[in-house]
Visitor: 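A single structure is presented below for examination.
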Amino acid sequence: MRNSRLATSPTTPAAPAVPWLPLLRPSAAQHSLVPASSGAQYARVVSEVGADAAQWAVEVGLEVAERVAAEIPGHIAEGGLDVLRMGTESTTIQLLLLLSGAEVEGPATSEALGGIPDFVRRRVSLDELLRGIQLGHSVIAGAFLAECARLGDPEQRHEQMRTLSQRMFAFFDAFSTQMAASYREEEARWVKSDAASRLAVVEDLLRGHDQPLAVVSRRLRYDLARSHVALVVWSSARTLDADQTALHEAARDLVRHSGAEQSLVLAVNLGMVWAWATPRSTPEEFVDRLASMTLPADTHAVIGGTGRGLAGFRASHDDALAAFGLRSSSTSTTSVTPYRDLDLISLLLADRDRAIRFARAELGPLAATDPTAADLRRTVAAYLDLGGSPQAAAQRLSVSRNTVTYRVRRAEELLGQPLTERRQHLQAALAILAETESLG
């Protein structure tokens, strides 16, 4: 908190931190080095501490830029070293002004802040940005402390170094805080703008508007010519209460931890994210890995089938949306559900009203809504699914074998025919009622 004022408002003029700042001199080799920072800032530091001290700061700024460029190459923008140097030099001068007792508008200069959009656009992470800042600050601090050892009064040197260290620490701390805040704000703006643009491209593709794959792939930063598995990830709270950032991160973590070669993750609306991923392993292994994962509470996902190229990109998404239509309204607590677990029922319920009419007509009295009829339906479904084995059905349902035998016999009485008659129709009807009951 002690640095908040430094980061957001002009500093109050103070006494110089040390008396020898006007004695600073550049090396002979760099005496005529052309400044990279603004003319106004350079002119001001000349008026405060003199031309030699200003030129010393220019030299230190160059040294910082060269060190950062060598050790953290991500800091080099398209404009090369000169662009980086503008920020490092202006920061050195800003500190020199502050130490001289001059009033300054916060630690981060317009030149330093002006580089933030480029860092975000080139996807230089905040951690990498702060590493560069930390390195630069160590070089600047080392330069000031070396001059203190050279120019300071031996009797006052210890106290001067302590004062310098305190003021530089406060400056660097506030500088880092201001730069990090600016980065996060710019990143949020860029992500929102970039995501909106990419979503518009994807929606256009899903509507069937073909575009050159190479061009669209570059815009999406996702190769559409490869194989795809689509996902829909959503929050149970699909309202303003949904944490869209957390949901987006959950979707990104899901595809990242599954071992995807590439991924495309897009927030669609409140509480919903669309995603596509290219499997690194076989599609079956990839889907199995996804399905085995656990998502945060109240977060769910469905996985489409595997497809290739633009047609596969669309088809897998259609599968995922169909699965979402079933799972988002059901009482299932499963975190991740593959479309392959829902493909048949999805097709059966494509025309929901007709499907329910078919199921009720096929089951007759067995379609009743009372608990006894529901128990009979669950038993018959398990019995047929397990090849007509009463023992296997009993184990699945956690009831006795005799209970299964009784319920099968009772179901046949209600149906008026053996379960083996119209077996496929019966299984389809049971699946339809079971799914619609779970949907409510």
Side-chain angles (χ1 to χ4, degrees), residues 1-11 36-38 41 60-61 64-95 97-98 104-141 168-199 221 243-253 256 263-267 273:
M1 294 298 294
R2 66 184 182 279
N3 296 322
S4 60
R5 187 179 62 83
L6 179 62
T8 58
S9 61
T11 61
S37 53
S38 73
Q41 188 193 34
V60 173
V64 173
E66 290 175 338
R67 279 283 303 279
V68 172
E71 298 185 28
I72 310 177
H75 278 249
I76 290 290
E78 293 174 0
L81 186 66
D82 286 344
V83 174
L84 176 60
R85 186 180 152 219
M86 286 174 61
T88 59
E89 179 185 305
S90 67
T91 301
T92 307
I93 292 176
Q94 193 80 334
L95 177 58
L97 283 168
L98 182 68
V104 297
E105 289 284 346
T109 63
S110 59
E111 289 90 346
L113 293 170
I116 293 293
D118 182 70
F119 281 112
V120 172
R121 181 182 60 81
R122 292 189 293 114
R123 297 179 190 81
V124 176
S125 69
L126 178 57
D127 284 345
E128 192 171 4
L129 171 65
L130 293 176
R131 279 179 55 221
I133 290 173
Q134 191 173 42
L135 174 59
H137 289 173
S138 69
V139 175
I140 295 171
M168 287 192 296
F169 176 82
F171 175 87
F172 295 148
D173 188 31
F175 181 95
S176 297
T177 299
Q178 189 177 358
M179 292 289 283
S182 178
Y183 180 97
R184 292 188 183 99
E185 291 172 3
E186 181 62 29
E187 184 182 42
R189 284 193 294 269
W190 189 86
V191 166
K192 185 175 181 180
S193 173
D194 178 63
S197 174
R198 295 165 81 197
L199 179 60
R221 300 189 296 280
D243 187 337
Q244 196 70 21
T245 300
L247 185 64
H248 194 273
E249 283 304 307
R252 288 176 64 89
D253 288 345
R256 182 167 58 247
S263 63
L264 173 63
V265 181
L266 297 171
V273 170

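Treat the numbers as computed from the prediction; the structure is a model and nothing was measured. These values consider heavy atoms only, across backbone and side chains, with no hydrogens, waters or symmetry-generated copies.
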Visitor: CG/D173 to CZ/F171 distance, rounded to the nearest 0.5 angstrom?
Guide: 11.5 Å
Visitor: Once you round to the nearest 0.5 Å, how far does OH of Y183 lie from CG of L129?
Guide: 7.0 Å
Visitor: So which heavy atom on M168 is nearest to which on A141, and how close?
Guide: SD-CA, 3.8 Å
Visitor: Just how far is it from atom CD1 of I133 to atom CZ of F172, taken to the nearest 0.5 Å?
Guide: 11.0 Å
Visitor: Quick one, Q94 and L98 - any side-chain contact, counting heavy atoms below 4.5 Å?
Guide: no
Visitor: Mind checking whether R252 and S263 have side chains closer than 4.5 Å, heavy atoms only?
Guide: no
Visitor: If you look at every heavy atom in V265 and A251, which pair is closest and at what distance?
Guide: CG1-CB, 3.9 Å
Visitor: Quick check: do S176 and H137 have side-chain heavy atoms less than 4.5 Å from each other?
Guide: yes
Visitor: Check whether any side-chain heavy atom of V273 sits under 4.5 Å from a side-chain heavy atom of L266, and report yes or no.
Guide: no
Visitor: Using a strict cut-off of less than 4.0 Å between a Lys/Arg side-chain nitrogen and an Asp/Glu carboxylate oxygen, indicate whether R189 and E186 qualify as a salt bridge.
Guide: yes
Visitor: Do L113 and Q178 come within less than 4.5 Å of each other through their side chains, counting heavy atoms only?
Guide: yes
Visitor: If I take atom CG from residue L130 and atom CG from residue L135, how far apart are they, to the nearest 0.5 angstrom?
Guide: 12.5 Å
Visitor: Please answer whether the main-chain N or O of E128 pairs with a side-chain N or O of H75 as donor and acceptor at a distance below 3.5 Å.
Guide: yes
Visitor: Do L264 and R221 come close enough that some side-chain heavy atom pair is under 4.5 Å?
Guide: no
Visitor: Would you name the heavy atoms of T91 and A112 that are closest together and state the gap between them?
Guide: OG1-CB, 4.1 Å
Visitor: Locate the shortest heavy-atom distance separating A69 from L81; write the atom from each residue and the value.
Guide: CB-CD1, 4.0 Å
Visitor: Calculate, to the nearest 0.5 Å, the distance between atoms OG and CD belonging to S125 and E187 respectively.
Guide: 9.5 Å
Visitor: Please check: side-chain N/O of E111 versus main-chain N/O of S37, any donor-acceptor pairing under 3.5 Å?
Guide: no
Visitor: Could you go through T109 and S90, starting from their C-alpha distance and side-chain angles, then the distance that decides it, and tell me whether this counts as side chain to side chain donor-acceptor pair (under 3.5 Å)?
Guide: CA-CA 7 Å; T109 63; S90 67; 2.7 Å; yes
Visitor: Any side-chain heavy atom of E71 within less than 4.5 Å of one from R131?
Guide: no
Visitor: Do the non-hydrogen side-chain atoms of F119 and L126 ever get within less than 4.5 Å of each other?
Guide: no
Visitor: Can you tell me how far OG of S110 sits from CD of E105, rounded to the nearest 0.5 angstrom?
Guide: 11.0 Å
Visitor: Which atom names give the shortest non-hydrogen contact between A267 and L199, and what distance separates them?
Guide: O-CD2, 3.7 Å
Visitor: Look at the side chain of T92 and the backbone N and O of T88, then say whether any donor-acceptor pair between them is shorter than 3.5 Å.
Guide: yes
Visitor: Donor-acceptor pair, S193 side chain versus W190 backbone, under 3.5 Å?
Guide: no
